[in-house]
Amino acid sequence: MTFEVQHTDNASDARAGLITTDHGTIKTPIFMPVGTAGTVKGVHFSELHEQVKAQIILGNTYHLYLRPGLDILRQAGGLHGFNGWELPILTDSGGFQVFSLTGIRKLTEEGCTFQSHIDGSKHMFTPENVMDTERIIGADIMMAFDECPPGKSDYQYAKKSLAMTQRWLDRCIKRFNETEPLYGYNQSLFPIVQGCTYKDLRQEAAKYIADKGADGNAIGGLAVGEPTEVMYEMIEVVNEILPKEKPRYLMGVGTPQNILEAIERGVDMFDCVMPTRNGRNALLFTYDGTMNMRNKKWENDFTPIDAAGCDVDKRYTKAYLHHLFKAKELLAMQIGSIHNLAFYLRLVTDARHHIEQGDFVSWKKSVIDRLGQRL
């Protein structure tokens, strides 16, 4: 994998780049739709290509490991062969999922023992077998196995957790270097910066990771309840240290406003379930603000969902989508998901354009307040 910074913004740390993988190129900044179980919920790949214009999607190691399981994925030739997606894929390590299974998991130096949320069966993730699992899934970008501590962890717990995450990272790198890709194309491993909201821990984590020389680096453990200004401060602290010549991935973030603020601070890659989850629940994002399509005000509004949006936005009216949600039709959730994903990709594409034009900061200031309005 290679990364080229093509343009930088004069008034901020925003940059436009190009990530090149064996499954294609990715123009940054980029938003990556979340495909937890090998599918972006309610969205066909044809729609991801033609309307959303996705360049890379995510798979979830924890969920794919449990179902369909590694034997099926190996027989299929990895996730690309299983689901038919031909562009790049990134897999998380499953760390966030297993650590969120409070009460049904046990953490040790070796790894994390947990019970399946599906059938209660017991399993164990270690840095080594997570690397093996991600090799079998076959993602272009693999994430290191880390502990994602609770956002409000006290300093001593956060420090102890970070130390173990660093030891686990060394084991991940060792296993990654000892093994080969299974399907004839290259894979990259991204370490993850943790440290909660403690500046010195974030700095320590970023320095530790920067020295590893990985193809890219991720920032984890944010947007878990801390104030947004604290999140932005942590991004600044970390990005002062992470190498500028490598892509930076902010995990699980966030709202359109969060994304623009993080781009301004030098982040290149994003993922979040928010656009699809909110879309399935009738909340749509637009440049003019958010729309709750269940509200009566849309009942007789026969204007397009978004006249500047993708095909479903122009094809269907707000009144029709309101009706679909009130009638609990599956098409409502599909339209909502496509709209939101297409809007997120449009947002980062527009951000890239304004970085190239040299007016990113003024453009961001002109749109960011509107994005948060409720219509």
Side-chain angles (χ1 to χ4, degrees), residues 3 5 7-17 19 28-32 58 90 92 95-96 141 143-144 146 148-153 155 158 161-162 165-166 169 190-212 214 216-274 344 347-348 351-352 354-355 360-361 363-365 367-368 371-372:
F3 178 60
V5 177
H7 300 274
T8 55
D9 182 59
N10 293 328
S12 74
D13 290 328
R15 70 256 192 97
I19 297 171
T28 64
I30 189 64
F31 180 82
M32 305 177 285
L58 265 69
L90 181 149
D92 62 16
F96 179 81
I141 299 172
M143 303 308 301
D146 63 332
C148 186
K152 295 183 179 179
S153 299
Y155 184 84
S161 170
L162 176 59
T165 284
Q166 291 173 339
L169 172 61
F190 281 23
I192 303 171
V193 175
Q194 291 290 355
C196 296
T197 56
Y198 301 105
K199 181 177 178 180
D200 63 322
L201 296 184
R202 287 284 175 178
Q203 289 172 324
E204 177 190 337
K207 289 173 184 172
Y208 193 86
I209 281 170
D211 290 342
K212 301 300 178 184
N217 300 293
I219 306 169
L222 294 176
V224 290
E226 77 281 359
T228 55
E229 290 307 316
V230 174
M231 175 173 72
Y232 300 149
E233 180 191 356
M234 292 302 105
I235 293 170
E236 291 171 7
V237 164
V238 168
N239 280 352
E240 284 178 3
I241 297 167
L242 291 181
K244 290 179 170 58
E245 69 276 12
K246 302 293 179 65
R248 300 160 174 159
Y249 164 31
L250 181 59
M251 304 180 75
V253 178
T255 67
Q257 302 99 303
N258 293 157
I259 288 173
L260 293 186
E261 293 286 0
I263 289 172
E264 185 174 12
R265 290 162 171 81
V267 174
D268 308 292
M269 303 167 69
F270 303 87
D271 81 285
C272 191
V273 297
M274 188 174 286
Y344 269 58
L347 183 73
V348 294
R352 179 184 170 90
H354 287 283
I355 294 167
F360 171 79
V361 171
W363 169 76
K364 190 209 84 169
K365 288 178 179 176
V367 301
I368 198 158
L371 288 168

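Note that this is a predicted model, so its numbers are computed, not measured.
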State, with a plain yes or no, whether a side-chain heavy atom of [X] is found less than 4.5 Å away from one of [Y].
X: Tyr232; Y: Thr228; result: yes
X: Glu264; Y: Asp9; result: no
X: Tyr208; Y: Leu169; result: yes
X: Pro227; Y: Thr197; result: no
X: Cys272; Y: Phe31; result: yes

Could you give me the CA-CA distance, side-chain angles and deciding distance for Phe360 and Ile263, then say whether side chain to side chain contact (heavy atoms under 4.5 Å, CB included) is met? CA-CA 10 Å; Phe360 171 79; Ile263 289 172; 3.7 Å; yes

Roughly how far apart are [X] [atom1] and [Y] [atom2], rounded to 0.5 Å?
X: Asp146; Y: Phe96; atom1: CG; atom2: CZ; value: 10.5 Å
X: Leu58; Y: Met269; atom1: CG; atom2: CE; value: 8.0 Å
X: Lys207; Y: Glu240; atom1: NZ; atom2: CD; value: 10.0 Å
X: Phe270; Y: Ile30; atom1: CZ; atom2: CD1; value: 10.5 Å
X: Asp13; Y: Ile235; atom1: CG; atom2: CD1; value: 11.5 Å
X: Glu226; Y: Met231; atom1: CD; atom2: CE; value: 6.0 Å

Taking all non-hydrogen atoms of both residues into account, name the closest pair between [X] and [Y] and its distance.
X: Gly221; Y: Gln194; value: CA-OE1, 3.5 Å
X: Ile19; Y: Pro247; value: CD1-CB, 4.0 Å
X: Pro191; Y: Gly216; value: CD-O, 3.3 Å
X: Ala223; Y: Val253; value: CB-CG2, 3.6 Å
X: Ala218; Y: Met251; value: CB-SD, 3.9 Å
X: Pro256; Y: Tyr344; value: CD-OH, 3.3 Å

Please check this pair: side chain of [X] against backbone of [Y], looking for a donor-acceptor N/O pair closer than 3.5 Å.
X: Arg352; Y: Thr28; value: yes
X: Asp271; Y: Gly252; value: yes
X: Lys364; Y: Leu260; value: no
X: Arg15; Y: Lys244; value: yes
X: Arg248; Y: Asn239; value: yes

Exactly one of Asp268, Ile355, Val267, Ile259 clears side chain to side chain contact (heavy atoms under 4.5 Å, CB included) with Pro29, and that residue is Ile355

The single option from Val238, Ile241, Leu201, Leu250 that satisfies side chain to side chain contact (heavy atoms under 4.5 Å, CB included) with Val193 is Val238

Before giving the answer on side chain to side chain contact (heavy atoms under 4.5 Å, CB included), spell out for Ile141 and Tyr249 the whole-Å C-alpha distance, their side-chain angles and the decisive distance to 0.1 Å.
CA-CA 11 Å; Ile141 299 172; Tyr249 164 31; over 6 Å; no

By salt bridge (charged side-chain N to carboxylate O under 4.0 Å, His left out), Lys212 pairs with (sequence neighbours left out) Asp170

For this session: Show your reasoning for whether side chain to side chain contact (heavy atoms under 4.5 Å, CB included) applies to Arg202 and Leu222.
Result: CA-CA 11 Å; Arg202 287 284 175 178; Leu222 294 176; 3.6 Å; yes

task = Before giving the answer on side chain to side chain contact (heavy atoms under 4.5 Å, CB included), spell out for Ser12 and Arg265 the whole-Å C-alpha distance, their side-chain angles and the decisive distance to 0.1 Å.
result = CA-CA 7 Å; Ser12 74; Arg265 290 162 171 81; over 6 Å; no

query = Is the number of heavy atoms from other residues, nucleotides or ligands within 6.0 Å of CZ (Phe3) greater than 12?
reply = yes

* **Aromatic plane relationship, Tyr155 with Tyr198 - under 30° parallel, 30 to 60° tilted, over 60° perpendicular** => perpendicular

